[in-house]
There are 2 protein chains.
Amino acid sequence: MAKKDLFGICPYVTSQKILSGKWSIYLLYLLQEGPVRFNELQRMMPEDITHTTLSRQLKNLEEEGLIIRREYSQIPPKVEYSLSEIGKKFESVIIALGEWGNDYLEFVKHKDEKKYKGGETA
Amino acid sequence: MAKKDLFGICPYVTSQKILSGKWSIYLLYLLQEGPVRFNELQRMMPEDITHTTLSRQLKNLEEEGLIIRREYSQIPPKVEYSLSEIGKKFESVIIALGEWGNDYLEFVKHKDEKKYKGGETA
DNA sequence: CCGGATCCTGGCTGATACTG
DNA sequence: CAGTATCAGCCAGGATCCGG
């Protein structure tokens with residue numbers, strides 16, 4: 001039970017929890033460049049995502065303090081999402097993640113090439 | 001449907017998928033310092049985790065190419081896990097993640113302090 | 001345009017039991 | 001010591017419908 005004490009202490013466990021949302025990373029990435037509206041975000045997503053899901057993800061990130069939701073009282077309504085201070089700090093992670101992701105995609109590509117050339121014909 | 005084409009192209013989507021495992025980040029973190037045995041890993045985890053779950057997580061990471069499993073034919077058996085090349089490259093992400101995680105924990109702490117001082121007494 | 005309420009489903013997780 | 005097989009439960013994600 002003593003192990004549970006690490007909750008709220010370990011930065012890695014904390015990070016993991018926040019990144020557990022299926023779209024967290026990508027949303028944080030999209031918001032790097034400035035405020036974006038709800039429907040904009042939905043269109044920018046790499047895969048189709050329902051507004052229900054998007055809404056929930058954004059709400060989570062907002063509750064965790066990473067993003068800020070700003071609502072304009074208009075007809076039609078307009079809502080913009082942007083990064084909070086701590087959200088902006090996440091940029092360094094985004095950058096590292098982007099670079100590594102590209103490296104990994106390269107790695108996978110080479111692995112696949114080997115498969116065609118190599119001994120997978122058993 | 002055209003959106004689906006981004007699969008296997010976007011580094012962020014790729015990263016997200018790999019980090020989806022509940023313990024991926026922490027495991028990658030633990031292995032930074034060198035090979036570790038199965039039971040060692042289990043003990044080092046911040047929360048209790050069954051060997052079933054740990055086994056599955058490790059297997060996933062191995063299949064994704066991030067870690068290497070080395071088995072020594074002995075009695076009693078000994079298995080060591082270590083980082084692959086692409087796994088080692090993940091270190092920069094780990095570092096960024098660690099720093100941000102600490103920042104975030106600070107941020108949360110301050111937020112909580114405000115709650116006690118501030119207007120939450122209503 | 002934005003999003004809540006509800007219901008459903010797949011996948012991950014974890015518990016338990018068994019193997020070399 | 002280091003797993004695998006199997007089963008059960010939970011919950012994030014998605015579909016659909018409704019509301020401001």
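These values consider heavy atoms only, across backbone and side chains, with no hydrogens, waters or symmetry-generated copies. Given the structure is predicted, the values throughout are model-derived calculations rather than measurements. Residue numbers start from 1 in every chain, and the chains themselves are labelled A, B, ... in the order their sequence lines are given, proteins ahead of strands.
- End-to-end axis angle of the helix from C:dC1-D:dG20 to C:dG20-D:dC1, using five pairs per end and rounding to 10°, comes to 50°.
- Contact footprint of chain A on DNA chain D: nucleotides with an atom under 4.0 Å from a non-hydrogen protein atom, first to last in 5' to 3' order, D:dG13 to D:dG20.
- In this structure, the side chains of B:I49 and B:L41 stay at 4.5 Å or more apart for every pair of heavy atoms.
- By the side chain to side chain donor-acceptor pair (under 3.5 Å) test, B:T53 pairs with B:T50, sequence neighbours left out.
- Rounded to an integer number of Å, the gap from NZ of A:K22 to C1' of C:dT9 is 13 Å.
- Screening A:I68, A:L61, A:V36, A:L31 for a side-chain contact (heavy atoms from CB on, under 4.5 Å) with A:Y81, the sole residue that qualifies is A:L31.
- Listed by chain and residue number, nothing satisfies the side-chain contact (heavy atoms from CB on, under 4.5 Å) test with B:E33 (two or more places apart in sequence, or in another chain).
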Steps toward side-chain hydrogen bond (donor to acceptor under 3.5 Å, both in side chains) verdict (B:Q16, A:Y26):
CA-CA 8 Å; B:Q16 174 81 64; A:Y26 206 83; over 6 Å; no
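- Here the side chains of A:D48 and A:Q42 are not in contact, with every heavy-atom distance at 4.5 Å or above.
- The stretch residues 50-64 of chain B comes close to DNA chain D through B:H51, B:T52, B:S55, B:K59, each having a heavy atom under 4.0 Å from the strand.
- Evaluation of the salt bridge (charged side-chain N to carboxylate O under 4.0 Å, His left out) rule for B:E62 yields no partner, not counting sequence neighbours.
- Mapping A:S20 and B:K78 onto DNA chain D via the closest heavy atom, the residue that lands nearer the 5' end is B:K78.
- For B:K59, the salt bridge (charged side-chain N to carboxylate O under 4.0 Å, His left out) criterion is met by no residue, not counting sequence neighbours.
- Within the 4.0 angstrom heavy-atom criterion, only backbone atoms of the sugar-phosphate kind lie near A:P76; the bases stay farther away.
- Qualifying salt bridge (charged side-chain N to carboxylate O under 4.0 Å, His left out) partners for B:E40, counting only residues two or more places apart in sequence or in other chains: B:R43.
- B:R37 has no carboxylate O lying under 4.0 Å from a charged side-chain N of B:E71, or vice versa, which leaves the two without a salt bridge.
- One interatomic measurement links the two molecules: NZ of A:K17 to P of C:dT13, which rounds to 13 Å at whole-angstrom precision.
- Taking atom CH2 of B:W23 as the reference point, atom C1' of C:dC12 lies 13 Å away to the nearest angstrom.
- Residues from residues 66-75 of chain A placing a heavy atom under 4.0 Å of any atom in DNA chain D do not occur.
- Remark: P of C:dA15 and CD of B:E47 are 12 Å apart, rounded to the nearest angstrom.
- Listed by chain and number, the residues in a ring-ring contact (aromatic ring centres under 6.0 Å, His included) with A:F107 are A:Y104 (sequence neighbours excluded).
- A search for side-chain contact (heavy atoms from CB on, under 4.5 Å) contacts involving B:E85 returns B:K88, not counting sequence neighbours.
- Applying the ring-ring contact (aromatic ring centres under 6.0 Å, His included) test to B:F90 and every residue at least two apart in sequence or in another chain returns A:W100.
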